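This report refers to the structure that appears directly beneath it.
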Amino acid sequence: MNARLLPYVLILPVTLFLCLFFLYPFLLVSKQAFSTGAGFTLDNFREVTGYWKFPITMRNTLLLAAAVVPIQLALALLMATMVNKMKKGRDLVLYVWTIPLGISDLAAGIIWLAIFDQSGFLNSMMNGLGLVDKPVNLLTFQNPGIVFLAIMLAEIWRATAIMLVILVAGIGLIPKEYYEAAEVFGASPWKRFLRITLPLLRPSLQTALVLRVILAFEIFAVVAALGGTLFPVLMGETYAYQFDLLNSGAAAALALIILAISIAFTLIILRVLRVPKGATI
Amino acid sequence: MAQIEIKNVAKRFGSYQALHDINLTIQDQEFMVLLGASGCGKTTLLRIIAGLETATVGEVSIGGRRVDHLAPKDRGIAMVFQNYAVFPHLTVFENIGFGLRMKKLPNDEVKGRVERTAELMHIEQLLKRYSGELSGGQRQRVAVARALAMEPDVILMDEPLSNLDALLRMEMRAELKGVLAESNTTAIYVTHDQVEAMSMADRISVMHQGEIVQAASPIEVYRNPAAEFVAGFIGNPPMNFLPAAPAGEGKWSVAGQVMDGPSSGKPLKFAIRPEDMRPADEGLTATAKVVEPLGAHLLITCEVQGSMFRAVLDSDMSVKPGDQLTLAPQPDRMRWFDPDTTLAVA
Ligand SMILES: Nc1ncnc2c1ncn2[C@@H]1O[C@H](COP(=O)(O)OP(=O)(O)O)[C@@H](O)[C@H]1O
Ligand SMILES: [Mg+2]
């Protein structure tokens with residue numbers, strides 16, 4: 001076989017697979033988004049962006065991502081650093097920390113609902129400690145802050161580990177000698193983290209952040225379980241258009257808007273965390 | 001003033017004793033080479049001096065000050081790592097200036113010092129590059145420049161040339177020695193390469209299985225090895241050994257020849273360097289086995305009473321395998337070792 005052709009032949013099956021199951025449906029969705037039956041139109045986009053709930057869902061989605069992702073990043077970095085410093089029991093700790101990854105997002109939402117519910121653990125505990133006389137309903141429209149906080153907590157609990165595993169692998173790849181050199185040349189542990197770990201971790205940070213941010217814009221089940229209609233997000237609206245309003249054109253348009261936001265943020269992350277030209281990391 | 005004193009230093013990794021009771025004093029501005037085979041504990045000792053490793057017992061002082069409990073940065077040292085550890089995400093300039101930035105020196109002083117050391121190491125035209133764009137030799141120069149820029153009292157080097165090809169190594173050897181002599185720093189240089197050790201050192205500490213067997217000038221180590229290990233380790237080819245039986249007061253019988261030696265009651269080992277043998281009318285009878293012309297010399301591997309024996313002779317000689325030779329040792333170069341203690345006997 002021609003050695004120059006071989007790589008292309010080898011990626012042919014996966015390319016076909018992607019075309020068939022991703023590119024083709026994507027084209028169908030795009031077609032739906034840009035048509036209302038006859039010819040090209042932006043009516044679907046006008047409809048979804050003109051709807052009074054659109055600014056709210058957009059704001060909620062971005063707000064949640066802005067609140068959750070930085071905390072997750074900081075936590076994942078801290079946890080990854082700790083895991084890499086451990087000599088014994090490191091694998092066990094890592095397994096325990098990644099357990100939430102194995103739980104579906106809806107299940108995670110329900111677990112946290114069981115905590116914040118009127119008959120949930122939190123209420124029983126507060127009641128037991130005498131903080132409240134009778135169980136209170138926390139997740140109501142009177143307490144938007146608590147609803148937001150509950151969703152944040154659930155998301156942080158559920159999806160920090162995906163960043164953690166990527167960062168643990170990335171930190172493990174940084175040669176120990178760089179840290180020793182930095183130490184000898186006077187860098188404190190904090191400075192070593194800032195001047196060695198963070199810059200050398202850029203490729204892993206890119207992957208982890210892109211993945212996490214895309215997932216944050218797709219948030220749906222946790223919000224549905226904890227907030228119901230109290231905290232509408234973009235993906236929830238898409239679902240409503242498709243299955244409640246049976247308007248698949250509008251649903252497709254909204255899905256493409258979410259895609260556009262994800263792509264924009266991906267490009268920003270790749271740009272901000274780029275490796276300088278010539279540097280090899 | 002940075003004299004280094006190492007007192008009773010030992011290091012254990014679990015049940016493995018990597019260093020046994022090391023005692024060594026390195027004078028101010030001395031170039032000390034730690035020489036030994038791979039795994040003998042050179043790096044461990046260097047890292048203990050640097051503060052990257054803690055000794056299980058013992059004391060380390062630099063410039064008369066105990067440093068055992070000080071962080072590496074407070075010991076007045078700089079280090080050149082075996083794999084250079086040049087930071088890949090920083091330019092050559094920022095690599096050399098790394099330690100100065102950590103000391104929070106003003107920008108123009110950092111710039112001045114970086115440029116000066118870069119010039120000294122002949123890498124001033126590389127300052128904007130990243131380590132991925134450098135050759136091994138250039139990376140090595142950056143690692144040395146980064147250490148020199150700190151203007152340390154002591155510079156520690158762990159096999160800094162071992163990753164370079166032979167020609168570059170020879171060139172860098174001379175250059176490093178010159179630069180370090182200029183800088184007036186005390187240097188500890190780890191290597192397993194005896195040629196490097198002999199050519200660079202003021203003093204060599206020969207290490208073996210976690211111990212320092214001999215610490216002396218290169219010529220002393222070569223001429224008067226303190227122990228059989230040193231005699232067999234230093235020199236290429238190494239010293240020859242033959243059993244010696246007592247033959248009267250100060251007389252020894254070596255392979256049938258009676259020679260003058262030290263007075264000792266028990267059997268000794270006779271030792272002589274291959275180049276200290278001369279063809280003579282009277283001497284050891286040797287049968288040539290392999291003859292290797294090396295240009296300037298002839299290396300002959302022969303057999304003397306069942307023992308292997310090497311001699312380096314003038315290349316004018318014509319010797320064929322199977323030839324009988326009579327070789328006489330140069331009397332002032334004969335050495336004697338106690339087979340029980342393996343130490344030299346005078
Ligand atoms: N961190 C460590 N843990 C366990 N054993 C070690 C460690 N560092 C070194 N050793 C052991 O100590 C011995 C000396 O190592 P080292 O000082 O690196 O030797 P050298 O530099 O002379 O080649 C080796 O047998 C090595 O396996
Ligand atoms: Mg070593």
Side-chain angles (χ1 to χ4, degrees), chain A residues 73 76-77 80-81 84-90 166-210 269-281, chain B residues 14 43 46-47 49-53 70-92 94-105 110 126-134 139 142-143 145-152 154-158:
Chain A
L73 176 65
L77 276 169
T81 313
N84 267 289
K85 285 240 156 48
M86 291 176 79
K87 291 201 174 69
K88 273 192 206 122
R90 171 199 149 113
I166 295 171
L167 296 184
V168 165
I171 290 182
L173 286 179
I174 301 175
K176 222 178 83 212
E177 227 176 19
Y178 292 143
Y179 290 104
E180 294 187 337
E183 188 180 352
V184 165
F185 288 101
S188 62
W190 174 241
K191 274 272 188 305
R192 271 175 261 159
F193 178 75
L194 286 185
R195 303 286 311 257
I196 309 294
T197 309
L198 278 187
L200 290 180
L201 204 54
R202 268 184 294 212
S204 306
L205 283 174
Q206 280 181 345
T207 313
L209 270 177
V210 166
I269 292 167
L270 292 182
R271 174 78 192 163
V272 169
L273 292 176
R274 74 188 182 286
V275 174
K277 200 165 165 292
T280 41
I281 294 177
Chain B
T43 298
L46 199 71
R47 290 168 58 86
I49 298 169
L52 292 170
E53 200 85 73
L70 295 184
K73 69 177 166 71
D74 301 322
R75 296 184 176 205
I77 55 140
M79 191 159 171
V80 179
F81 290 79
Q82 182 164 9
N83 300 316
Y84 316 138
V86 172
F87 304 123
H89 58 294
L90 299 178
T91 57
V92 168
E94 287 304 326
N95 261 288
I96 301 176
F98 188 89
L100 309 177
R101 294 246 190 260
M102 291 299 130
K103 277 192 185 172
K104 298 203 162 65
L105 294 189
V110 173
L126 303 177
L127 287 174
K128 290 204 176 70
R129 296 221 204 150
Y130 287 94
S131 109
E133 303 167 308
L134 303 178
R139 226 170 282 169
V142 175
R146 180 172 61 182
L148 288 173
M150 298 293 285
E151 296 172 5
V154 178
I155 189 161
L156 306 172
M157 288 170 279
D158 193 356

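Given the structure is predicted, the values throughout are model-derived calculations rather than measurements. Residue numbers begin at 1 in each chain, while the letters A, B, ... track the order of the sequences.
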Using residues 271-281 of chain A as the side-chain source, report each donor-acceptor pair under 3.5 Å to any protein atom, sequence neighbours left out, with the distance given to one decimal.
residue: A/Arg274; atom: NH1; partner: A/Arg271; partner atom: O; Å: 2.9

request  = Indicate the atoms forming the closest heavy-atom contact of B/Asn95 with B/Leu90, along with that distance.
outcome  =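 Shortest heavy-atom separation between B/Asn95 and B/Leu90 comes out as ND2-O, 3.2 Å.
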Atom of A/Asn84, atom of A/Val168 and distance for their closest heavy-atom approach =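 Heavy atoms of A/Asn84 and A/Val168 come nearest at ND2-O, 3.5 Å.
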At a 4.5 Å cut-off on heavy atoms, which part of [X] comes close to chain A: side chain, backbone, both, or neither?
| X | value |
| --- | --- |
| B/Met79 | both |
| B/Arg47 | side chain |
| B/Leu100 | neither |
| B/Val86 | backbone |

Heavy-atom pair count under 4.5 Å with chain A, highest-scoring of B/Ala71, B/Pro72, B/Gly51 =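 Highest number of heavy-atom pairs under 4.5 Å: B/Pro72.
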ask   = Between B/Arg129, B/Lys103, B/Arg146, B/Met150, which shows the greatest number of heavy-atom pairs under 4.5 Å with chain A?
value =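 Option with the greatest count: B/Arg146.
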I need the [X] [atom1] to [Y] [atom2] distance, nearest 0.5 Å.
| X | Y | atom1 | atom2 | answer |
| --- | --- | --- | --- | --- |
| B/Gln82 | B/Leu46 | CD | CG | 10.5 Å |
| A/Lys176 | B/Leu52 | NZ | CG | 9.0 Å |
| B/Ile77 | B/Ile155 | CD1 | CD1 | 10.0 Å |
| A/Ile166 | A/Gln206 | CD1 | CD | 11.5 Å |

query = Going through the distances and angles, do B/Thr91 and B/Lys128 end up as a side chain to side chain contact (heavy atoms under 4.5 Å, CB included)?
reply = CA-CA 6 Å; B/Thr91 57; B/Lys128 290 204 176 70; 5.6 Å; no
ask   = With side chains defined as the heavy atoms from C-beta onward, is the minimum distance between B/Leu156 and B/Val154 less than 4.5 Å?
value =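 Sidechains of B/Val154 and B/Leu156: in contact.
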ask   = For chain B, which residues of residues 192-201 of chain A have at least one non-hydrogen atom nearer than 4.5 Å to it?
value =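 Answer by number: A/Arg195, A/Ile196, A/Pro199, A/Leu200.
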